[in-house]
Each structure stands twice: as C-alpha cells, then as structure tokens.
Amino acid sequence: MSSFLSPALVALALVLAGCGKSQPAAEGAPIQLLNVSYDPTRELYEEENAAFAKAWLAKTGQTVTIKQSHAGSGKQARSVIDGLSADVVTLALAWDIDAVTRAGWIAPGWQTKLPNNSAPYTSTIVFLVRKGNPKGIKDWDDLGRPGASVITPNPKTGGGARWNYLGAWGFALAQPGGTEALAKELVGKIYKNVPVLDSGARGATTTFVERGIGDVLITWENEALLAVNQLKAGAFEIVTPKLSILAEPPVAVVDKVVDKRGSRAVAQAYLEFLYTEAGQRLVGKHFYRPRLPAVAKEFEKQFPAVELFTVEKLGGWEALHKTHFADGAIFDQIYQVGK
Amino acid sequence: MSTPRRAGNDPPWVRRILIALSLIFLSLFLFLPLIAVFIEALRDGVSAYFMAITAPDTLSAIRLTLLSTCIAVPLNVVFGVAAAWAITRFDFRGKSLLITLIDLPVAVSPVIAGMIYVLLFGAQGVFGPLLAAHDIKIIFAVPGIALATTFVTFPFVARELIPFMQAQGSEEEEAALVLGASGWQMFTRVTLPNIKWGLLYGTVLCTARAMGEFGAVSVVSGHIRGETNTVPLHVEVLYNEYHFAAAFSVASILVALSLVTLTLKKLIEWRGLVARKTAADLEGEPGGTPIAELAGGEQETSLRPVERGSTVPI
Amino acid sequence: MKAIPAPRRAPLLSRLLLKRRGVLPGFGLSMGITVVYLSLIVLIPLATIFLKTSTIGWSRFWEIVLSPRSIAAYELSFGASFAAALINAVFGVLLAWVLSRYRFPGRGLVDALVDLPFALPTAVAGIALTGIYASKGWLGRWLVQIGIDAAFSRLGVVIALVFVGLPFVVRTVQPVLEDIDLDQEEAAATLGATRFQTFRRVTLPALWPAVITGFTLAFARALGEYGSVVFISGNMPMKTEITPLLIMTKLEQYDYAGATAIAVVMLTISFALLLVVNRLQAWSGRRVSR
C-alpha cells in the first residue's frame with residue numbers, strides 16, 4: 001500500500017528536518033553553554049555570565065555564550081533527566097543534583113569536585129513582612145499562630161520551599177523539649193495558614209509582593225533582600241529569625257553532556273569562576289552570602305548574624321525525603337488531617 | 001451569522017433587561033480581562049511597551065512561535081483535507097470511531113499532551129537511547145515544541161471541513177468524473193475551490209490556537225531563554241522576573257493576534273455567506289444552508305457519523 | 001472519447017472497510033494519510049501513557065488513582081467544571097437569544113468577541129483574570145469587602161473555567177435558534193401563551209439537544225484546562241489543586257508512573273465524554289425540526 005508509506009515518510013522527514021545536531025566544539029571556535037538553574041538566580045547569572053564571558057575571552061580568546069533556563073529546582077532536575085542538554089546545573093539543593101546523578105548524567109562524587117561542597121555561596125531562610133510588621137512576626141513559631149497568613153511554596157516542587165519547611169522543622173526540634181511530634185505540629189500549623197501554594201520561590205514572592213496576599217513570606221534571604229531593595233522599596237521589612245537553616249545551593253558539571261559536546265574545559269572554568277573574587281563579588285551584590293572570606297567581609301553589613309543548622313544535622317536529604325516529601329509522607333499527611 | 005429575526009413580540013423592557021444581563025455577564029468574564037491586559041501593559045508608559053515587545057528575547061520567542069505554527073498548521077491542513085475527504089465521501093466501517101479519535105486531542109489536557117511526547121522522546125523515554133545515539137534532539141528543542149503544537153491543534157481543520165463538505169454533497173465531483181476528469185483534476189479544480197472558505201476558516205482557527213498554546217509547550221520546552229520559549233511561555237518568564245508591565249505587553253501581542261483572528265473569522269463568514277448566496281441565487285436553489293451555520297457551529301462541535309448525501313444541521 | 005476502463009478489483013483496504021463502492025477515487029490515499037498521521041501524532045503517543053502505567057501494576061495504580069489527594073483533585077476538577085458549564089449553559093442560552101433575536105448597537109462586536117476565549121491563549125487569560133479578581137484587583141477589592149475570596153479559591157477556578165467555556169453553548173445554540181420556525185411560537189402566542197410560557201414550552205424543548213451538547217463540550221474543555229486555572233487557583237493540595245496540576249506536580253517529583261496513572265483516568269473520562277457528545281449530536285440530528 002504505497003499510499004500508506006508516502007505520508008509516513010513525509011511526516012518522518014519533516015520531523016527529522018527540524019532536529020538539531022550538535023557538533024563537538026572545535027578548539028577556539030565560539031562555544032555555547034547551557035546553565036540550567038533554579039528560580040531566583042535569574043539576575044545573578046545574567047551578570048555572572050557576562051563577566052565570565054569577558055574574562056574567558058581575555059584569557060583564551062574564545063567567545064563563550066551562556067544560555068540560561070530557570071524554573072523550580074525539581075522541575076529543572078526532571079528536565080535534565082529527560083534530556084535537556086545542560087552543560088552545568090546550578091540548583092537549589094544537593095538532592096536535585098543527586099537525582100540527576102542517579103539517572104546517569106553526572107558522575108557520582110560530584111559534590112567533592114568543587115570547594116565548599118560544590119556550593120559557591122550560601123543563603124538562609126528569612127521572613128518578609130509588611131512595613132511595620134503589623135502581625136508582630138518574630139520567629140518560626142509566630143508563623144503557626146492562628147490568624148497569621150503565610151506564603152510559602154510547595155516543598156514537593158520547589159527547592160527553596162524545602163529549605164523553608166526544614167527550617168521550621170529544625171527550629172522546632174532545637175527548642176528545649178523539642179520532639180518530632182512537636183515539630184510536626186508546628187509545621188502543620190504553619191501550612192494550615194497558607195492560602196496559596198505556588199510551585200516555586202518566584203511565584204510565592206509574586207503572590208506576596210505583587211498581589212498583596214499574606215502577612216509573611218517565608219523565603220530565601222536573597223529573595224527577601226531583592227524585594228526590599230528593588231521591588232517595592234519601603235513596603236516591606238525583613239525579619240531574620242535567630243535560628244535558621246544553612247542553605248547550600250550546589251553547582252555541578254553535567255559529565256555526560258560536556259563530554260559529548262567537548263565543552264568540559266569551559267564548563268569547569270565557568271563554575272570555578274563563581275568562586276573567584278570577581279564571581280563572589282557578584283554573588284554578594286545579588287544578596288547571596290559569599291564563601292570567600294575576603295569578599296564576605298565586604299558584604300558583612302548586608303547579612304545579619306544567624307545561628308545556622310545544616311541539613312546533615314537533620315539527617316541528610318535522602319532520609320529527609322523519605323520522611324517528609326515522599327508520597328504519603330509527613331507533608332502529605334499535613335494536608336490530609338481535616339482538609 | 002445570519003441577520004436576526006425580527007424582535008417579535010418581546011416587550012422592550014424584557015429586551016433591555018436580557019441585553020443588560022448578557023452584557024454584564026460578558027463584562028465580568030470577557031471585556032474586563034481584555035481591557036486589563038492593555039492597561040497593565042501600558043502601566044510603565046508607551047516607550048517601555050515598545051521596548052518590551054522588541055526586546056531580543058521577545059523577538060526570538062515570536063520567531064519560535066511562528067516557526068512551530070508554520071510546521072503544525074500545514075501538517076494539520078493536509079491531514080484535515082484528507083480526513084474530511086475520507087469521512088464525507090465514503091461510507092465505511094469504523095467511521096464514528098475514527099471521528100471520535102480525531103476529536104480526542106481537544107479533550108486531552110495540554111499537560112498530558114506535552115507529557116506523552118516526553119515519554120516517547122525524552123532521554124528516559126521509548127526512543128530516548130536511539131535518539132541520543134544519533135544525537136537527535138526532539139524534546140526541549142524546536143521539533144518537540146512543534147509536535148506538541150501539532151497535537152493540540154490536530155482536529156481543527158478536519159472539524160471545520162467535515163460538516164462543510166457534508167453539506168455540499170459530492171454531485172459536482174461526480175459530475176467532473178463523468179466528464180472525464182482524472183482524480184487529481186477533480187480534486188484541484190472542483191473540490192478545493194468549493195471548500196476554500198471552510199478550509200480558510202479552519203486554518204485561521206488552527207493558527208490562532210497554535211500560537212497561543214501554553215500548557216503542552218511548557219512541558220516540552222526546557223525554558224531556555226531566547227531559544228525554546230514561545231511567546232506564551234515568554235509571558236510567564238517575564239511575569240516570574242517581576243517585569244509585570246513587560247509581561248502584559250508581550251501578552252498584548254497575543255491578545256491583538258486573537259482579535260485579528262476573530263476579525264478574519266467574521267470576514268470569512270461574511271464573504272462565504274455572500275458567495276454562497278450568490279451561487280444559490282444563480283442556480284435558483286432555495287438558498288443553501290448558510291455557511292455561518294456550518295462554520296459558526298463552533299470549533300468544538302464534535303463530528304457526527306452521517307450517511308452520505310443527507311445534510312444535517314449542526 | 002475515452003474508453004471506459006475495465007473494472008478492476010478494489011484495493012484490499014477498500015474491500016475491507018467500504019460499505020458501498022462509489023465512484024469517487026482517493027479512498028486509499030485519504031484513509032492512508034488520515035490513519036498514519038493519526039497514529040503518529042495522536043495514538044502512539046497516547047499509547048505510551050498506558051504503557052508507562054502498566055509498569056506499576058494494578059494495586060499501585062488503584063492506590064495512586066484513589067489516594068485522598070487524587071480524589072480531592074477529581075472532586076475539584078469535576079465540581080468546578082460542572083458548575084462552570086452550568087453557568088455557561090444558562091448564560092449561553094441567554095446570549096444566543098439576545099444575539100439572534102435582538103438588535104442593539106455593538107451587536108456584531110459582541111458576537112465576534114464571544115469567540116475570544118477560544119482565540120486567547122490560556123496563560124494570558126489566567127494572569128488577566130487573576131489580576132482582576134485578586135484582593136487588590138479591580139473587582140476583587142469589592143468582593144473581598146463582602147467576604148468573597150474570588151482568586152485563590154475554588155471560586156477562582158470556576159471563574160477561569162467559565163471564561164474558557166464561554167463560547168461553547170452560545171455557538172451550539174445560536175444556529176438552532178436562528179433556524180427555528182417562528183410559526184410555532186406565533187401559534188402559541190395566538191393561543192394566549194405569554195412570552196415566557198412560549199419560551200419554556202415551545203422554544204426551549206427544541207433547544208435542549210443543542211444546550212446539552214454545548215454543556216458537555218464546555219464541561220470536557222474545562223476538565224482539561226490548565227493554563228488559565230493555574231494562575232488563579234492557589235494550587236493548594238486537597239483544596240484548590242486541579243487534576244492537571246496534580247499530574248504536573250507528580251511529573252516534577254520524578255513520579256512518572258503516578259502522573260501517567262492519573263492521566264489514564266483523565267483520558268478515559270475525556271474519551272467517554274466525547275462518545276456522549278457524538279451520540280447526542282446524532283440524536284439531535286434526528287430531533288431538530290427543519
């Protein structure tokens with residue numbers, strides 16, 4: 001039945017015609033990298049990319065263009081697993097990069113390949129409140145008070161959201177007499193106060209800042225500083241809790257992709273650039289806490305002192321995922337009790 | 001749309017109340033959102049508006065949207081004509097099943113529409129290893145976006161053509177054959193000219209939908225700035241970067257496009273109505289079914305299995 | 001004069017499927033294109049959903065599909081879609097009536113704009129509607145004062161779904177209204193019926209098939225809607241999480257099997273609804289008087 005075959009061939013040809021084939025980069029030829037990142041880092045990488053391109057051109061004479069993709073950390077990890085050709089991933093938590101590793105795209109042991117657990121900067125979780133702090137939010141347990149309207153994203157889809165959740169959990173555990181049951185209670189109360197559950201950090205900030213919903217936004221410190229300094233100066237205040245979680249958003253080279261594309265040298269240099277003085281200064285400028293002690297000193301005033309606990313102290317991502325974020329685990333249970 | 005019947009016996013106060021009610025309903029759900037987009041878009045001033053819609057990322061989003069539309073629409077047009085021909089000119093077993101299957105993409109959620117292509121062509125998908133071995137990128141690249149767009153706009157042309165061709169009947173084509181035309185001549189000289197209004201109509205609808213698709217493309221896109229973001233996705237990107245006026249500015253492009261689509265639709269309906277009436281007058285037929293009834297019986301009207309030769313109102 | 005060609009045996013496909021041999025050519029070609037294209041673009045991709053779901057086994061399938069969160073999502077999706085379709089049915093008939101029976105300034109414009117929800121991208125509709133109905137929005141600020149939370153609630157979902165389904169009932173009822181013989185209505189009037197009685201007893205029964213068709217189409221469309229709802233709904237699990245969003249969320253958690261399981265449920269229901277619409281139209285084809 002030739003009448004069957006020809007349409008099929010035409011269709012197939014049309015599909016293949018549009019497919020891009022990538023060639024391994026020749027030495028010195030202009031090269032393109034794809035940085036798949038999480039939601040709030042849009043402004044940071046815009047500047048980092050320009051700075052790196054300039055430095056690399058001066059050093060090697062090669063023109064490098066870096067393309068960006070931003071979305072929720074979990075969503076981005078899924079995209080890379082499904083084949084999005086990222087040369088580097090710069091995500092919100094090690095758990096998401098671990099997922100990409102498990103799928104075979106990154107060689108195991110990635111976290112030791114760069115200094116500081118492969119996290120060129122840190123951040124923490126703070127609260128953004130309306131000017132004057134009308135509800136008097138001071139600490140994590142205030143978020144669980146009846147009548148407080150809390151904005152935080154969905155920890156199952158957003159990276160920052162998980163830090164938020166664990167911040168509350170860790171706080172409860174650290175209180176005198178803190179037990180798992182009490183922690184679960186506090187976290188439950190907080191999430192009951194949430195009217196809108198966005199899927200990522202940016203969505204949550206938009207809801208709070210632009211739409212005027214909620215009394216307090218639990219968010220990355222960098223997002224809060226951005227809101228206060230740039231979005232609607234004067235309309236908000238930052239409340240830094242005394243105890244919060246140390247957020248270490250890591251970066252990694254995606255081995256399978258860079259080896260195929262021949263971009264490993266540039267990709268590696270790109271990530272290392274984030275640790276240099278120039279890179280770190282941009283980090284501080286965009287309200288992330290720099291790692292380099294010299295630069296950190298320059299930005300001291302921007303970042304209040306906070307007592308920080310780590311994810312490892314709470315048990316590590318694997319165990320935490322099973323206990324809290326898996327199907328039917330604690331986060332799901334919070335929503336099931338009296339919907 | 002044919003001219004309305006005379007108002008009949010409805011007292012004026014009834015008329016006014018009903019009209020007012022309708023307009024209020026439409027305002028709440030239709031006019032206000034429309035106006036809101038334009039007001040928000042111009043919030044930062046006219047020059048900011050133009051800067052937003054001519055920014056490089058916006059332009060590449062427009063290019064991508066046009067590209068995927070130019071792939072999806074012609075494919076669906078060819079398919080639509082073929083399917084309409086098979087369905088309206090022949091009587092075969094399984095016709096109603098075929099029609100339902102053709103309708104299926106409209107009832108499938110866009111999220112599912114995107115997901116199925118990821119399942120097929122993603123790195124973990126059925127063809128993943130094969131594609132990787134040959135370094136062919138479908139998902140997170142233009143072909144994937146084009147595929148998702150094609151899926152979502154799949155039935156539009158077919159659904160417009162089918163009632164249209166049904167109503168026309170096949171007498172003219174049969175006459176052409178009797179007079180010695182080959183199959184191809186019959187098709188190009190008789191069929192195509194006859195269906196041109198329905199075809200145009202379906203193409204316009206298909207194009208509008210293709211340009212505006214969000215959910216399905218969002219799943220397969222990869223969200224690479226300046227590369228794999230269509231105009232609707234770019235609106236979302238701008239929104240997420242707090243550039244609200246810019247987001248609405250780009251959105252206003254889409255709104256303007258929709259308004260153009262609606263105008264084209266009206267024009268085609270009107271022209272087709274005139275053409276049809278003229279033909280009917282010339283032949284002395286008691287006025288054929290106005291095109292408006294057929295084509296205006298909206299895109300979403302499902303197809304029906306119909307015996308050849310009978311005309312059924314929509 | 002061309003010699004009449006000797007009759008040849010029809011190709012296999014035609015012999016198998018065709019009920020009647022006609023004169024027109026091109027069955028094989030058109031069916032070929034149709035079936036191949038349909039399979040490539042629609043059927044095979046959809047089949048992967050069932051394929052993927054089959055990897056998790058029945059018990060896990062029911063566990064996912066019947067979990068409290070899924071049930072809450074179905075409840076919301078079905079409930080909101082039903083409510084929205086109902087609203088559209090009522091106002092759709094009203095709009096169709098007004099547009100086909102009355103003349104007023106701007107009628108042509110209104111008539112054209114009814115199709116807007118169809119031409120406008122869902123994401124744009126979403127942000128526009130959210131902007132209007134959020135608590136600081138043009139309408140939202142009044143609604144909040146009387147205690148109604150329009151955005152980020154189930155009401156918000158219904159609002160978005162009314163928008164997307166708006167044209168359906170209008171466009172299925174309008175042609176029928178225009179085609180209706182006024183004789184019956186005039187007869188009823190002569191016999192002493194009021195306008196409303198005439199409407200209820202003469203016009204409405206003739207419109208029922210079209211109304212139900214439009215309702216079902218609006219319903220099916222609303223069920224799958226994602227782009228516009230996701231901005232206005234609030235996305236709270238168990239409260240304002242629609243089924244397509246649940247699928248999206250599962251996807252983003254690397255839970256492909258879970259996502260496809262729910263997709264299977266949605267697909268089956270969509271398919272069933274389409275069959276219903278098909279039947280309805282066949283029925284209405286026989287009922288509407290010419």
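These numbers come from the heavy atoms of this one structure, side chains and all, not from hydrogens, waters or symmetry mates. By convention in this document, chain letters (A, B, ...) are assigned in the order of the sequence lines, proteins followed by strands, and residues within each chain are numbered from 1. These figures come from a predicted structure and were not determined experimentally.
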K.L.:
Identify which part of B/Ile39 has an atom lying under 4.5 Å from any heavy atom of chain C, answering side chain, backbone, both or neither.
P.N.:
side chain
K.L.:
Are the side chains of C/Met266 and B/Val108 in touch, meaning some heavy atoms are under 4.5 Å apart?
P.N.:
no
K.L.:
Can you find a heavy atom in the side chain of B/Phe25 that is under 4.5 Å from one in the side chain of C/Ile87?
P.N.:
yes
K.L.:
Can you tell me which of C/Trp97, C/Tyr133, C/Tyr256, C/Trp138 forms the most heavy-atom pairs within a distance under 4.5 Å of chain B?
P.N.:
C/Trp138
K.L.:
Out of B/Phe154, B/Phe214, B/Trp184, which one racks up the most heavy-atom pairs below 4.5 Å with chain C?
P.N.:
B/Phe154
K.L.:
Pick one of side chain, backbone, both or neither for C/Thr260, based on which atoms fall under 4.5 Å of a heavy atom in chain B.
P.N.:
both
K.L.:
Of all of C/Ile247, C/Val42, C/Leu51, which one pairs up most often with chain B through heavy atoms under 4.5 Å apart?
P.N.:
C/Val42
K.L.:
Tell me, for C/Leu116 versus chain B, whether the close heavy atoms (under 4.5 Å) come from the side chain, the backbone, both or neither.
P.N.:
both
K.L.:
Who wins among B/Val255, B/Thr261, B/Val219 for the most heavy-atom pairs under 4.5 Å with chain C?
P.N.:
B/Val255
K.L.:
Given that the side chain runs from C-beta out, which part of B/Phe187 has a heavy atom under 4.5 Å from chain C: side chain, backbone, both or neither?
P.N.:
neither
K.L.:
Locate the shortest heavy-atom distance separating B/Phe151 from C/Ile41; write the atom from each residue and the value.
P.N.:
CD1-O, 3.3 Å
K.L.:
Would you say C/Val162 and B/Leu28 make side-chain contact, with heavy atoms under 4.5 Å?
P.N.:
no
K.L.:
Contact part of B/Pro105 toward chain C, heavy-atom cut-off under 4.5 Å: side chain, backbone, both or neither?
P.N.:
side chain
K.L.:
Supply the atom-to-atom distance B/Leu101 CG to C/Thr34 OG1, rounded to the nearest 0.5 angstrom.
P.N.:
12.0 Å
K.L.:
To the nearest 0.5 Å, what is the distance between CG on B/Leu18 and OH on C/Tyr102?
P.N.:
4.5 Å
K.L.:
Just how far is it from atom CZ of C/Phe91 to atom CG of B/Leu26, taken to the nearest 0.5 Å?
P.N.:
9.5 Å
K.L.:
Quick one: closest heavy-atom pair of B/Phe90 and C/Ser30, and the distance?
P.N.:
CE1-OG, 4.5 Å
K.L.:
How long is the span from the CG atom in C/Leu223 to the OG atom in B/Ser109, to the nearest 0.5 Å?
P.N.:
9.0 Å
K.L.:
Which pair of heavy atoms, one from C/Met248 and one from B/Ser218, lies closest together, and at what distance?
P.N.:
CE-OG, 4.3 Å
K.L.:
Restricting to side-chain contact (heavy atoms from CB on, under 4.5 Å), what partner residues turn up for C/Phe50, sequence neighbours left out?
P.N.:
C/Val264, C/Leu267
K.L.:
What pair of heavy atoms forms the shortest contact from C/Leu94 to B/Ser22, and how long is it?
P.N.:
CG-OG, 3.5 Å
K.L.:
Using non-hydrogen atoms and a 4.5 Å limit, figure out which bit of B/Met186 sits close to chain C: side chain, backbone, both or neither.
P.N.:
side chain
K.L.:
Within a strict 4.5 Å, meaning less than it, do heavy atoms of the C/Ile127 and B/Phe244 side chains meet?
P.N.:
no
K.L.:
Go through B/Gly183, B/Ala83, B/Ala208 and name the one with the most non-hydrogen pairs under 4.5 angstrom from chain C.
P.N.:
B/Ala83
K.L.:
Let me confirm one number: the CG-OG1 distance from C/Leu273 to B/Thr100, rounded to the nearest 0.5 Å.
P.N.:
12.0 Å
K.L.:
Hey, can you pull the donor-acceptor pairs under 3.5 Å for the side chains in residues 29-36 of chain B, sequence neighbours left out?
P.N.:
none

K.L.:
B/Trp85 versus C/Leu29: any side-chain heavy-atom pair under 4.5 Å?
P.N.:
no
K.L.:
Please classify the contact of C/Phe271 with chain B as side chain, backbone, both or neither, using a heavy-atom distance under 4.5 Å.
P.N.:
both
K.L.:
How long is the gap from OG1 on C/Thr48 to CZ on B/Phe127, to the nearest 0.5 Å?
P.N.:
9.5 Å
K.L.:
Report yes if some heavy atom in the side chain of B/Phe92 is under 4.5 Å from a heavy atom in the side chain of C/Met31; otherwise report no.
P.N.:
yes
K.L.:
What part of C/Ala218 lies closer than 4.5 angstrom to a heavy atom of chain B: side chain, backbone, both or neither?
P.N.:
neither
K.L.:
Taking side chain as C-beta onward, heavy atoms only, is C/Ile33 less than 4.5 Å from B/Val81?
P.N.:
no
K.L.:
If you count heavy-atom pairs within less than 4.5 Å of chain B, which of C/Ser228, C/Gly224, C/Ala160, C/Pro45 leads?
P.N.:
C/Pro45
K.L.:
Heavy-atom pairs under 4.5 Å with chain C - which of B/Val118, B/Leu104, B/Val235, B/Val37 has more of them than the others?
P.N.:
B/Leu104
K.L.:
Counting only non-hydrogen atoms closer than 4.5 Å, does B/Leu23 touch chain C with its backbone (N, CA, C, O), its side chain (CB onward), both, or neither?
P.N.:
side chain
K.L.:
If every non-hydrogen atom of B/Leu177 is compared with every non-hydrogen atom of C/Pro25, which pair is closest and at what distance?
P.N.:
CD1-CD, 3.7 Å
K.L.:
Among C/Leu245, C/Ile44, C/Thr122, C/Ile49, which residue has the highest count of heavy-atom pairs closer than 4.5 Å to chain B?
P.N.:
C/Ile49
K.L.:
B/Glu213 versus chain C, heavy atoms under 4.5 Å apart: side chain, backbone, both or neither?
P.N.:
neither
K.L.:
Report the option among C/Ala125, C/Gly214, C/Ala112, C/Ala220 that has the most heavy-atom pairs separated by less than 4.5 Å from atoms of chain B.
P.N.:
C/Ala112
K.L.:
Show, in sequence, the C-alpha distance, side-chain angles and deciding distance for B/Leu75 and C/Tyr37, and conclude whether the side-chain contact (heavy atoms from CB on, under 4.5 Å) test is met.
P.N.:
CA-CA 9 Å; B/Leu75 283 178; C/Tyr37 191 72; 3.2 Å; yes
K.L.:
Considering only heavy atoms from C-beta outward, does the side chain of C/Leu113 approach that of B/Leu259 to under 4.5 Å?
P.N.:
yes
K.L.:
Looking only at heavy atoms and a cut-off of under 4.5 Å, which of C/Ile159, C/Leu129, C/Val110 has the most pairs with chain B?
P.N.:
C/Ile159
K.L.:
How close do B/Gly212 and C/Pro121 get, counting heavy atoms only, and between which atoms?
P.N.:
O-CB, 3.2 Å
